[in-house]
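Worth saying up front: this structure is predicted, and the values here are computed from it rather than measured. All residue numbers in this chain count up from 1 along the given sequence.
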Amino acid sequence: MQTDAYIIHVNGSVAHPKVLDVHVNIQGPNTVDKLKARKPRWAVRASEMSRKTFNPIRAIVDTMTAVPNPNKKMIALSIGDPTVFGNLPTDEQVTRAMKEAIDSEKYNGYAPSIGYQSSREVIAKYFTCQDAPLEAKDVILTSGCSQAIELALSVLANPGQNILVPRPGFSLYKTLALSLGIEVKLYNLLPEKSWEIDLKHMESLVDDKTACIIINNPSNPCGSVFSKKHLQKILAVASRQCVPLLSDEIYGDMVFEEGAFHYLASLSTNIPILSCGGLAKRWLVPGWRMGWILIHDRKEIFGKEIREGLVRLSQRILGPCTIVQGALEHIVKRTPQEFYDNTINFIKSNADLCYTTLSSVPGLCPVRPAGAMYLMVGIDMEHFPEFESDVDFTERMISEQSVFCLPATCFEYPNYFRIVLTVPEDMMIEACRRIREFCQQHYQGGEGSQDLECDK
């Protein structure tokens, strides 16, 4: 019980005052009783953020119960990791740069949360151009592109606001947004137009609570690449609505046609853009966890507030791996063009093979990709009446053919499935053969009939 002592003078002389020492209980008369009545007990609960966190892919895949056909070796066309099968190693110059950084013993300590100044200068110089100039102060280094996206969302949106996200689209956007209390509004991509954005639909979703629009180009899961003209139309929407853009460009420059890719910021002088990228896919090192945010703000609409907010948010962890930071300069300068070309040529070859084969399969409608490392295939469900959904379709394909493709319900787009194009060529050929066999066994309808609008 806490008490305070007060001295009160009562008719005494100055030399010998009479005093009354009064102890006052300031907690109230029932405090002891209340403390005795409280019965301590364990009451540990998961946080609100953890309860809101939801990964659509895990929610679907983890509930699949299919067991692969024991007579057929499993072929997983579901994993967006180009290193899984060992057929696409990174370049030896990339590996050498890492070894040199380790041997130098200069990068064993903590770095600034936003990355070393020298490493940020490397990235700024690599991506700067006349139409979108960059300096080190415009670069935030992150632990992979996923953290770049998380920081960008966290600095732009408050709980109760909303963001616009592509459908079909990378599921992480929704996972991160919901955990932060941010509403997700889905704008449509159009398969009949090679997955261009339905711009009217996208613009109709904007309201006074819209914090940003996410643009993913080249696309996961679609493998699409937006034309310069289409990107300019996207920028026009952002300009009219005064909404900043979060541009996920992790697959930047991974396109099948030379010159087909344009960084979004290079086409605008007035739209504030946070561009997210990283080493993971183009340099084939997703496990190294090196990403970045490029701040494009030539009209100073973001101003100091967004920049300082990103710095503060980055301080929650101590930045990306210091050894990779130390190797960055040699990675971006020494990697030969031949390495990039070989990677793209391999993925394009698999894309052509897969598209050509599946285009002739009754009931399937592949959409030709133009980049990244994915291909989407439409399923004419009317001709497969025994399957309730794309999830059911792909699950049965596992149990009968030992081929695992992600159902596009994972990307908010039912009746499609996604194929990863980085597997070895012989596996791609065998997988396509098995998919054809599966469809021939279950297809019901006129031979060769195709009711879906296919890009053929």
Side-chain angles (χ1 to χ4, degrees), residues 75-95 144-145 168-170 189 191 194-195 216-227 248-263 277-288 331-332 335-359 364-378 403-406 408 411 416-435 455-456:
I75 301 176
L77 305 180
S78 57
I79 306 170
D81 180 348
T83 71
V84 167
F85 296 99
N87 59 309
L88 289 174
T90 191
D91 188 76
E92 63 178 12
Q93 292 292 346
V94 177
T95 306
C145 187
F170 184 36
L189 305 183
S194 299
W195 301 111
N216 179 207
N217 178 53
S219 166
N220 174 13
C222 302
S224 55
V225 180
F226 295 148
S227 68
D248 179 357
E249 297 174 324
I250 187 63
Y251 295 96
D253 288 315
M254 292 184 69
V255 296
F256 301 156
E257 182 182 338
E258 186 175 351
F261 174 74
H262 302 275
Y263 284 97
L279 292 182
K281 303 304 167 72
R282 193 169 186 228
W283 283 269
L284 303 177
V285 286
W288 291 10
I331 288 174
V332 299
T335 304
Q337 185 61 42
E338 182 183 11
F339 166 76
Y340 304 127
D341 293 342
N342 289 343
T343 302
I344 288 300
N345 290 339
F346 176 84
I347 296 172
K348 183 180 185 300
S349 177
N350 265 357
D352 291 342
L353 187 160
C354 186
Y355 175 81
T356 301
T357 303
L358 299 186
S359 290
L364 295 187
C365 180
V367 182
R368 186 186 291 276
M373 47 189 241
Y374 309 102
L375 179 149
M376 287 277 275
V377 182
V403 174
F404 183 18
C405 301
L406 271 188
F411 311 108
Y416 277 75
F417 60 88
R418 187 193 74 174
I419 290 176
V420 175
L421 298 169
T422 54
V423 302
E425 183 181 25
D426 59 335
M427 292 179 66
M428 181 60 68
I429 292 171
E430 175 62 14
C432 288
R433 186 194 67 76
R434 293 186 197 177
I435 293 171
D455 172 27
K456 296 187 175 177

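- Between Tyr416 and Pro191 the shortest side-chain heavy-atom distance falls below 4.5 Å.
- Using a distance-only test at 3.5 Å, with no hydrogens or angles considered, a donor-acceptor pair links the side chain of Asn216 to the main chain of Asn220.
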Checking side-chain contact (heavy atoms from CB on, under 4.5 Å) for the pair Leu189/Cys222: CA distance, chi angles, key distance, verdict?
CA-CA 9 Å; Leu189 305 183; Cys222 302; 4.1 Å; yes

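- The OG atom of Ser349 sits 9.5 Å away from the CE atom of Met428 when rounded to the nearest 0.5 Å.
- The shortest non-hydrogen separation linking Arg418 to Cys405 is O-CB, 3.5 Å.
- Atom CG of Leu88 sits about 6.5 Å away from atom CD1 of Ile347, to the nearest 0.5 Å.
- A distance-only check finds a donor-acceptor pair linking the side chain of Asn87 to the backbone of Thr422 [under 3.5 Å].
- Ile75 places none of its side-chain heavy atoms less than 4.5 Å from the side chain of Phe85.
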Go through it in stages, so that I can follow the logic: the residues are Leu364 and Phe417, the test is side-chain contact (heavy atoms from CB on, under 4.5 Å), and I'd like the CA-CA distance, side-chain angles, deciding distance and then a yes or no.
CA-CA 10 Å; Leu364 295 187; Phe417 60 88; 4.1 Å; yes

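- In the displayed structure, Glu258 atom CD is contacted under 6.0 Å by at most 12 heavy atoms of other residues, nucleotides or ligands.
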Before you tell me yes or no, could you show the steps for Asn345 and Phe256 under side-chain contact (heavy atoms from CB on, under 4.5 Å), namely the whole-Å CA-CA distance, both residues' side-chain angles and the distance that decides it to 0.1 Å?
CA-CA 7 Å; Asn345 290 339; Phe256 301 156; over 6 Å; no

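- Nearest heavy-atom pair across Ile250 and Gly278 is CD1-N, 3.4 Å.
- The two residues Pro286 and Asp81 have their closest heavy-atom pair at CG-OD1, 3.4 Å.
- A donor-acceptor pair is defined here as one N or O able to donate and one able to accept, closer than 3.5 Å; such a pair exists between the side chain of Thr357 and the backbone of Leu353.
- Residues Met254 and Ile344 form a side-chain contact, since some pair of their non-hydrogen atoms from C-beta on lies under 4.5 Å apart.
- Distance check, rounded to the nearest 0.5 Å: CD1 of Ile435 to SG of Cys354 gives 6.0 Å.
- A 4.5 Å side-chain heavy-atom check between Leu358 and Ile419 finds at least one atom pair inside the cut-off.
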Between Ile429 and Glu425, is the side-chain contact (heavy atoms from CB on, under 4.5 Å) condition met? List the steps.
CA-CA 6 Å; Ile429 292 171; Glu425 183 181 25; 4.0 Å; yes

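- Note: Trp195 and Phe411 fail the aromatic proximity criterion, with ring centroids not under 6.0 Å apart.
- Looking only at side-chain heavy atoms (C-beta outward), Trp283 and Thr343 stay at 4.5 Å or farther from each other.
- When ring centroids are compared, Phe170 and Tyr251 stay outside the 6.0 Å threshold.
- The two atoms that bring Ala351 and Leu421 nearest to each other are CB-CD1, 3.6 Å, heavy atoms only.
- Closest approach of Asp253 to Phe261, counting heavy atoms only: N-CD2, 3.4 Å.
- The nearest pair of heavy atoms linking His262 to Asn217 is O-ND2, 4.1 Å.
- The backbone N or O of Phe339 lies less than 3.5 Å from no partner atom in the side chain of Asp91, so there is not a single donor-acceptor pair.
- Between Phe404 and Leu77 there is no side-chain heavy-atom pair separated by less than 4.5 Å.
- In this structure, the side chains of Ile331 and Gln93 stay at 4.5 Å or more apart for every pair of heavy atoms.
- Proximity of Met376 to Pro168: side-chain heavy atoms (C-beta onward) are separated by under 4.5 Å at one or more points.
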